[in-house]
Amino acid sequence: MASATATAKPKTDKPRRRFRFGGSRLGGFMLALNLLSLLIMIGGALALNEWSRGLINARQESLSVQAELLSNVLGELGITQGDPYPVLDDRAAAFWLRDNFIPTGQRARLFDMDGIQVSDSYNVSDNIPGQPLPPARPAGSPLPEEPSPQLIEQARSEADAALAAEVELALQGEPQATIRRNEEGERVVSVSLPVRHVQQVLGVLTLEAGDVNATLAAQRRALMPFAFVALAVNLLASLILHLFVARPVLRLSAAADQVRLQRARAISLPDLTIRKDEVGGLARALEQMTDTLSMRMDAIERFAADVSHEIKNPLTSIRSALETLPLVKTDEQRARLTNLLQNDVRRLDRLITDISNASRLDAELSRDRPRQIDLGELLSDIIGVYENSLREGDIPVRLVNTAGQDVSVIGRDTPLGQVFRNLIDNARSFSPTGGEVRVFLEKDSTPNFWRIRVEDDGPGIPPDNLETVFERFYTSRPKGTAFGNNSGLGLSIVRQIVTAHEGTVVAENRTEGDAVKGATFTVRLPVANRRL
């Protein structure tokens, strides 16, 4: 019987630990995808920047080696004149460069010790500087905009100034390696080395390579695959976010709107509830919430119907008595009707009080915050009130504490006090004259639970009603017990409160052989070290 009435909490398997970002599996997955795309982009950019920087440095080193070789040759081969102060033979040096150094894609310039250009490889070779002609345009198409002569002149002036500054530093004996723009506005790798005869600086040799823009363009083309991969990863992440988060949330929102508009009593999306991520948890929570609300609505409807039925009974009895009262002729009959009216009024008053308590119970349980409560102290205070208010003929209440001093639970003292008062009042109402109500506080055989037993010496409970006594408005009473002292809500309230505290309450008969010696109500509550 105890197992039939006990309320058990369903067991759930502990989920396996996986990587979670802020406690979210889906958030961790999205974070990993976005980080992967960023790492691809950053890694590609860093790799290509290092590669392009290495190419430019290698180009500068190559030009430096060539310029150093040529400057040494110009200084040592006797292409100088004057003694003891030699100077560069401009004409001989220019012819030597023409005959021995006509590179492809490079430009060699020679400057004397005054910084004046004396030779330019572009002038003695068939290399014609400039840009290739653009493709032919259809007839009548507008001409492309060309830079104004002022801008062209300004660009040339800036290029000449940059070259002059580079040559000036090289004439001071400091080799130069820079990236600058030439007269056409193109970026070039430039190396300027002094031409020496022993220690005397005779001039400056400048080598230029104009393939910097081509190198950078190649770098950009090489970066494009990384950019496309990163873009694809981001698009995939966005698609996953839409499919696995946005659309399910929209479906949950639509289902919630259906419940709100009363087209459904509960949300039911099986394909979402089987998911193991947060969306599945949300779907399960909403489904359970709406199921609970639906059951609560059904319970409210049944409660309203039961209340209407229970209130009509005493009201019908009162109305019948009042209609009969004027027809009564003897004082004895009038006294019997008056006594009946008083009993019905008391019954109605008790019924309304218990209905009010039952209707406020959910609000009180949700409003009060659980805290640690000493059951021994709570029961001692409650039973002390009964002892102090005991009158002649009342049933005494006795506490038997075998659990010790520290008997703590996590709960709400006011509802738990109502549980024990309802059980004690119920036991006293069924106890015969000279009987006693005993309250036992002890350690339960189930680990981590306390047990509170309330015993009486009454007629007991019919075996078929050991469970139905906890239903609302159950008021079947044995013969000889007072009528109208119970509303049938007390034990229902007890079970509701105990269940909210993760406990159980059962009813059973106390027997001796085949004889019933009374009823016992057993409440089990978890100890304080368990979370509510």
Side-chain angles (χ1 to χ4, degrees), residues 1-2 5 339 342-344 346-347 349-351 353-354 357-358 375-376 378-403 416-442 451-495 497-498 504-525:
M1 289 180 292
T5 57
N339 185 44
Q342 290 175 351
N343 289 336
D344 287 336
R346 285 195 299 269
R347 179 186 175 191
D349 178 70
R350 178 64 180 269
L351 183 63
T353 301
D354 288 346
N357 293 335
L375 280 181
L378 178 62
L379 289 173
S380 297
D381 293 341
I382 292 174
I383 294 175
V385 173
Y386 284 100
E387 292 176 348
N388 294 331
S389 61
L390 188 65
R391 295 178 296 181
E392 185 178 356
D394 289 345
I395 306 300
V397 182
R398 180 166 57 93
L399 174 63
V400 181
N401 186 355
T402 61
L416 285 179
Q418 185 178 2
V419 166
F420 302 125
R421 286 193 299 270
N422 286 1
L423 292 176
I424 293 173
D425 290 341
N426 181 75
R428 293 180 74 188
S429 68
F430 283 96
S431 296
T433 303
E436 182 187 43
V437 175
R438 294 166 297 279
V439 180
F440 296 89
L441 177 58
E442 53 198 4
R451 180 171 61 193
I452 303 95
R453 292 188 294 116
V454 180
E455 293 183 354
D456 61 48
D457 298 326
I461 305 172
D464 295 338
N465 296 332
L466 289 175
E467 176 62 25
T468 56
V469 293
F470 294 102
E471 295 179 0
R472 288 196 301 263
F473 301 113
Y474 173 81
T475 55
S476 177
R477 304 182 64 81
K479 294 181 180 180
T481 57
F483 177 77
N485 293 333
N486 295 82
S487 64
L489 288 173
L491 295 181
S492 174
I493 292 174
V494 166
R495 169 160 285 186
I497 295 174
V498 172
T504 61
V505 56
V506 295
E508 54 190 350
N509 286 320
R510 186 168 52 86
T511 60
E512 189 174 302
D514 294 334
V516 176
K517 295 298 183 180
T520 300
F521 289 87
T522 303
V523 176
R524 292 180 176 86
L525 294 173

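Any value given below was found using the heavy atoms of this structure, including those in side chains, with hydrogens, waters and symmetry copies removed.
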K.L.:
Do you know which two heavy atoms are closest between Val469 and Ala507, and how far apart they sit?
P.N.:
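Closest heavy-atom pair between Val469 and Ala507: CG2-CB, 4.3 Å.
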K.L.:
When rounded to the nearest 0.5 angstrom, what distance separates CD1 in Ile497 from CD in Gln418?
P.N.:
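Nearest 0.5 Å value for the CD1-CD distance: 4.5 Å.
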K.L.:
Would you confirm whether Arg510, through its side chain, and Lys517, through its main-chain N or O, come within 3.5 Å as a donor-acceptor pair?
P.N.:
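Yes.
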K.L.:
CZ/Arg524 to CZ/Arg453 distance, rounded to the nearest 0.5 angstrom?
P.N.:
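That separation rounds to 10.0 Å.
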K.L.:
Calculate, to the nearest 0.5 Å, the distance between atoms CG and OG1 belonging to Leu423 and Thr522 respectively.
P.N.:
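Result: 9.5 Å between the selected atoms.
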K.L.:
Enter the distance from Leu375:CG to Leu416:CG here, rounded to the nearest 0.5 Å.
P.N.:
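Spacing of CG (Leu375) from CG (Leu416) equals 7.0 Å.
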K.L.:
Locate the shortest heavy-atom distance separating Gly460 from Val516; write the atom from each residue and the value.
P.N.:
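The pair with the smallest heavy-atom distance is CA-CG1, 3.9 Å.
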K.L.:
Kindly compute the distance separating CD (Glu455) from CZ (Phe521), expressed to the nearest 0.5 Å.
P.N.:
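CZ of Phe521 is found 11.5 Å from CD of Glu455.
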K.L.:
Does the pair Arg421 and Tyr386 meet the rule for a side chain to side chain contact (heavy atoms under 4.5 Å, CB included), with working shown?
P.N.:
CA-CA 10 Å; Arg421 286 193 299 270; Tyr386 284 100; 3.9 Å; yes
K.L.:
Supply the atom-to-atom distance Leu399 CG to Ile452 CD1, rounded to the nearest 0.5 angstrom.
P.N.:
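Leu399 CG to Ile452 CD1: 10.5 Å, rounded to 0.5 Å.
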K.L.:
Which atom pair, heavy atoms only, marks the closest approach of Val498 to Thr504?
P.N.:
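So the two residues come closest at CG1-N, 3.4 Å.
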K.L.:
Do you know which of Ile383, Ile382, Val494, Asp425 makes side-chain contact (heavy atoms from CB on, under 4.5 Å) with Phe420?
P.N.:
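The option that passes is Ile382.
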K.L.:
Are any side-chain N or O atoms of Arg495 and backbone N or O atoms of Val505, one a donor and one an acceptor, separated by less than 3.5 Å?
P.N.:
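Yes: the side chain of Arg495 pairs with the backbone of Val505.
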K.L.:
For Asp457 and Ser431, indicate whether the former's side chain and the latter's backbone hold a donor-acceptor pair under 3.5 Å.
P.N.:
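A pair under 3.5 Å: no.
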K.L.:
Strictly distance-based, threshold 3.5 Å: is any side-chain N or O of Asp394 a donor or acceptor partner for the main-chain N or O of Leu390?
P.N.:
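Not confirmed, Asp394 side chain does not pair with Leu390 backbone.
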